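Below is one structure, written out as structure tokens; the observations come after it.
For clarity, every value in this text was computed on a predicted model and none was experimentally measured.
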Amino acid sequence: MGWFSGRCYSDAKLNGKTIIVTGCNTGIGKVTVEEFYKRGAKVIMACRDVGKAEEAKIDIKETCKNSPNKGELIVEECDLSSFKSIRNFSQKVLKSKTEINVLVNNAGVMMAPRGETEDGFETHFGTNHLGHFLLTMLLLPRIIKSTPARIVTVSSKAHSLFNLHLEDLNYTLRPYNSAEAYAQSKIANILFSRELSKKLKSYNIQGINTYSLHPGLIKTDLYRHLNSPIRSLIRTIVVDYIFYPFSKTIEMGAQTTIYCAIDEKCSNETGLYYTDCTVTSPSTHALNDENAKKLWDMSMEMVGLKDCNPFTSVY
């Protein structure tokens with residue numbers, strides 16, 4: 001398994017650094033937090049389920065009890081499918097006056113049945129893209145004051161399977177397709193990271209790098225929505241048997257996220273897309289600069305920041 005997996009070989013220490021990781025009570029998010037914690041960082045675990053996050057925190061501390069350079073773990077509630085929750089979390093972090101040296105937009109839903117977020121957006125787009133978009137914009141003024149800093153967004157190679165339909169993001173004009181909805185949100189992740197990099201440059205803001213990435217095929221509980229008999233059968237055949245020889249362990253799957261967040265080799269790169277700790281090219285849909293600009297403007301309006309400028313505000 002994971003025969004072709006890349007790995008982060010950096011020995012960088014993170015003492016004095018503050019890192020926020022969303023959706024990290026399990027899977028690659030949890031492994032990512034553990035790695036940062038072992039390197040001395042203060043890690044804010046931004047999770048929807050605080051109870052499970054606290055359990056993960058205890059588990060990580062037990063696993064790392066003999067590590068000599070441990071940092072600090074802080075659990076905070078942050079539901080990426082709720083703008084209210086995101087705003088509450090952001091306000092709490094900003095009030096603490098702490099720096100934000102790395103933001104890892106890791107949380108996500110995959111292949112969910114048709115539904116809407118608390119704010120009325122299609123579940124995948126609203127959670128995977130809009131939730132992280134709002135979070136990043138609210139925290140950006142503080143991130144700007146914390147340079148050097150990095151913003152890492154976990155996308156997926158699945159983005160290449162479909163196109164982005166900006167005219168029908170909520171599936172009001174076409175039949176719902178959960179695989180397409182997931183792919184659209186992952187295209188949005190890449191376009192967001194690329195456009196954010198360009199806007200930072202346009203405002204002559206230096207010292208903040210953006211990254212998007214594909215972690216690899218990993219057997220995690222992102223497949224929890226495949227719970228009907230037919231879907232479970234599809235999962236068993238496709239995931240467990242056909243792709244299993246090429247799948248990664250959770251530890252391997254976290255490597256590209258860790259690489260983009262801390263490795264010195266990519267410290268001067270920004271706006272790029274990575275697989276196996278290497279820059280690679282996403283699909284042509286994710287390279288559409290016109291769509292990136294349109295998506296940015298639409299997202300600012302959707303999250304209620306149309307009249308705000310996070311590049312010049314000071315919180």
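Between the side chains of T270 and S197, at least one donor-acceptor pair of N or O atoms lies under 3.5 Å. For the residue pair S267/D263, the side-chain donor-acceptor check at 3.5 Å is not satisfied. Side-chain atoms of E264 and S10 include a donor-acceptor pair closer than 3.5 Å. The closest side-chain donor-acceptor pair between T275 and T280, if any, does not fall under 3.5 angstrom.
Annotation: side chain of H129 is in contact with side chain of N189 (closest heavy-atom distance under 4.5 Å). Contact annotation: the side chain of S82 never approaches that of T117 to less than 4.5 Å [non-hydrogen atoms, C-beta and beyond]. Side-chain contact between E269 and N209: absent, with no pair of heavy atoms (C-beta onward) separated by less than 4.5 Å. Looking only at side-chain heavy atoms (C-beta outward), I60 and K57 stay at 4.5 Å or farther from each other. For the pair D276 and K248, the minimum side-chain heavy-atom distance is below 4.5 Å. With contacts defined as side-chain heavy-atom distances shorter than 4.5 Å, the pair M110/N128 does not qualify. By the 4.5 Å heavy-atom criterion applied to side chains, E122 and Y176 are counted as neighbours. Side-chain contact between S81 and F121 is absent, with no heavy atoms from C-beta onward closer than 4.5 Å.
The aromatic rings of Y211 and Y274 sit tilted, their planes meeting at an angle between 30° and 60°.
Atom NZ of residue K70 and atom CG of residue N66 lie 7.5 Å apart, to the nearest 0.5 angstrom. If you take CZ on F162 and OG on S185, they are separated by 12.0 Å, rounding to the nearest 0.5 Å. Once rounded to the nearest 0.5 Å, the distance linking CD1 of I20 with CD1 of I44 reads 4.5 Å.
Exactly one residue among T22, T136, T257 makes a side chain to side chain donor-acceptor pair (under 3.5 Å) with N105. That residue is T136.
The two residues S193 and T210 come nearest to each other via the heavy atoms O-OG1, 2.9 Å. Looking at every heavy atom in both residues, M111 comes nearest to H124 through N-NE2, 3.0 Å. The shortest heavy-atom contact between E77 and F89 is O-CB, 3.6 Å. Closest heavy-atom contact between D79 and I86: O-CG1, 3.6 Å.
Linking ILVMFWY side-chain heavy atoms closer than 4.5 Å, directly or via other members, places L94 and M137 in a single hydrophobic cluster. Transitive grouping of hydrophobic side chains (ILVMFWY, heavy atoms separated by less than 4.5 Å) keeps I151 and I190 in distinct clusters. Linking ILVMFWY side-chain heavy atoms closer than 4.5 Å, directly or via other members, places M45 and I58 in two distinct hydrophobic clusters.
You'll find the ring centres of Y273 and H159 inside the 6.0 Å limit.
Atom CD of E167 is surrounded by more than 12 heavy atoms from other residues, nucleotides or ligands within 6.0 Å. At most 12 non-hydrogen atoms from other residues, nucleotides or ligands lie less than 6.0 angstrom from CG of N268.
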Derivation of the side-chain contact (heavy atoms from CB on, under 4.5 Å) call for C47 and C78: CA-CA 5 Å; C47 298; C78 184; over 6 Å; no
side-chain contact (heavy atoms from CB on, under 4.5 Å) evaluation trace for Y171 with H165: CA-CA 9 Å; Y171 285 87; H165 294 271; over 6 Å; no
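Annotation: cation-pi pair R194/F192 absent, no NZ/CZ under 6.0 Å from the ring centroid and within 45° of its normal.
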